[in-house]
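One structure below.
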There are 2 protein chains.
Amino acid sequence: MFIGRHTNKIDKKGRLSVPKAFRDALGDAADGVFVFPSFKYPALEGAGRDFIERFVASLDDLDLFSDDQDDLAATVLANTNALAYDPEGRVILPKTLLDHAELGDEAVFVGRGSRFQIWSPTLFETHNARAFERARSRGATLALRNTDKIEP
Amino acid sequence: MFIGRHTNKIDKKGRLSVPKAFRDALGDAADGVFVFPSFKYPALEGAGRDFIERFVASLDDLDLFSDDQDDLAATVLANTNALAYDPEGRVILPKTLLDHAELGDEAVFVGRGSRFQIWSPTLFETHNARAFERARSRGATLALRNTDKIEP
DNA sequence: TTCTCGCCCATTGACGCCCATATAAACCCA
DNA sequence: TGGGTTTATATGGGCGTCAATGGGCGAGAA
């Protein structure tokens with residue numbers, strides 16, 4: 001399970017350490033980590049092999065004429081990168097992903113339960129502040145139903 | 001499992017390197033790679049021997065597919081090219097396939113789970129942008145076939 | 001012969017692996 | 001409880017290896 005927030009640096013060679021807690025949650029280190037752009041935010045989605053395998057399973061192997069639903073899975077797979085760890089647990093994000101999330105020399109890993117997101121620190125700060133404010137204005141009604149909470 | 005995107009060059013002799021990750025996923029190198037034109041897109045479909053063998057099996061076992069699907073299987077087989085690797089893992093695409101996908105001096109391999117596609121970079125860029133936009137507008141509500149759903 | 005295709009070699013640029021250091025959290029002991 | 005020590009994670013840089021690319025040679029087909 002991915003919980004909490006971790007801010008790490010991207011060095012000159014483009015390497016980014018995946019937080020130890022997340023590496024453990026991802027499972028088999030040999031599988032690395034699977035990252036794809038978020039559809040809705042200038043951020044990246046990260047998950048383990050099991051999560052991606054569900055997308056693969058949703059594409060019927062022999063069906064050559066995919067419907068809209070399949071297209072969604074296909075789009076995710078086309079934009080997903082299987083990133084391998086170096087011996088220290090770092091990965092290199094390809095340029096397409098760096099661009100999508102507007103990442104510079106720092107990245108923040110945000111736990112989201114079954115997977116996590118990767119944000120530019122500045123973008124996340126404003127996004128988080130707005131989400132927090134939104135949550136607060138509706139807080140009274142959401143509080144009892146939603147066990148999730150936004151980190152302070 | 002075919003995941004992600006890899007853009008490679010087509011040299012003057014028409015040779016195209018199959019990405020190492022895909023060669024591994026294809027299995028036995030002696031079998032090479034099987035490529036046929038996509039019926040839905042100006043692109044090519046690529047797969048391993050196991051994938052083609054299932055089409056062959058569908059022709060033998062009449063119960064397996066409907067008549068329409070059976071015709072489709074026959075059409076696929078008729079248009080499939082078995083391409084052998086050179087010692088460096090490259091293949092040469094026949095002219096019919098080059099024409100169908102409007103390939104010039106570059107080609108992008110796009111993972112699709114159990115198989116992959118080969119696109120002209122420019123054609124794929126527009127195709128992917130559209131699919132991505134569609135996912136953005138509808139992704140939040142589209143459930144995945146199995147369990148989880150795509151998240152905002 | 002001439003052209004095509006399969007095999008071999010050279011180059012290069014990226015990335016995977018190794019080591020060293022810094023930073024921080026956990027631990028231990030008075 | 002506080003200070004120092006230890007352990008582990010994160011970071012930075014050097015170097016070797018391998019994948020991708022490009023060109024040349026030779027065997028066999030047209």
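Each chain gets a letter, A, B and so on, in the order the sequences are listed, and its residues count up from 1.
The side chain to side chain contact (heavy atoms under 4.5 Å, CB included) search around E133(B) returns R136(B), not counting sequence neighbours. D50(A) meets the side chain to side chain contact (heavy atoms under 4.5 Å, CB included) test with no other residue; sequence neighbours excluded. The side chain to side chain contact (heavy atoms under 4.5 Å, CB included) test applied to S114(B) returns D61(A), not counting sequence neighbours. By the ring-ring contact (aromatic ring centres under 6.0 Å, His included) test, Y41(B) is found to be paired with W119(B), H127(B), residues two or more places apart in sequence or in another chain being considered. Listed by chain and number, the residues in a side chain to side chain contact (heavy atoms under 4.5 Å, CB included) with A47(B) are F51(B), R115(B) (sequence neighbours excluded).
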Summary of protein contacts for nucleotides 23-30 of chain D, nucleotide by nucleotide, where a base hit scores B, a sugar-phosphate-only hit scores S (4.0 Å, heavy atoms): BB------
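For DNA chain C, the span of nucleotides reached by chain A at under 4.0 Å from its heavy atoms goes, 5' to 3', from dG16(C) to dC19(C).
Between E106(A) atom CD and dA10(D) atom C1' the separation is 13 Å, expressed in whole Å. If you take CG of N8(A) and C1' of dA10(D), they are 7 Å apart, rounded to a whole angstrom. As rounded to whole Å, 13 Å separates atom C1' of dA19(D) from atom CZ of F109(B).
Put simply, CZ on F34(A) and CD1 on I3(B) are 6.0 Å apart, with the number rounded to the nearest 0.5 Å. Taken from CD1 in I118(B) to NE2 in H100(B), the straight-line distance is 11.5 Å, to the nearest 0.5 Å.
Enclosure of atom NZ in K95(B) is not indicated, since only 12 or fewer non-hydrogen atoms of other residues, nucleotides or ligands lie within 6.0 angstrom.
Listed by first then second residue, pairs satisfying salt bridge (Lys or Arg N to Asp or Glu O under 4.0 Å) with a partner in residues 76-88 of chain A read D86(A)-R90(A), E88(A)-R90(A), not counting sequence neighbours. Screening residues 7-27 of chain A for ring-ring contact (aromatic ring centres under 6.0 Å, His included) gives F2(A)-F22(A), H6(A)-F22(A), F22(A)-F116(A) as the qualifying pairs, with residues at least two apart or on separate chains.
For residues 27-36 of chain B, proximity to DNA chain C is found at no residue, defined as any non-hydrogen atom under 4.0 angstrom from a strand atom. If you check residues 17-25 of chain B against DNA chain D, the residues with a heavy atom closer than 4.0 Å are S17(B), V18(B), P19(B), K20(B), R23(B), listed by number.
Taking Ile, Leu, Val, Met, Phe, Trp and Tyr as hydrophobic and joining them when side-chain heavy atoms fall under 4.5 Å apart, one finds I92(B) isolated, its cluster having no other members.
Under a 3.5 Å cut-off, the side chain of S17(A) and the backbone N or O of P19(A) do not form any donor-acceptor pair. In this structure, N128(A) contributes its side chain and F124(A) its backbone to no donor-acceptor pair below 3.5 Å.
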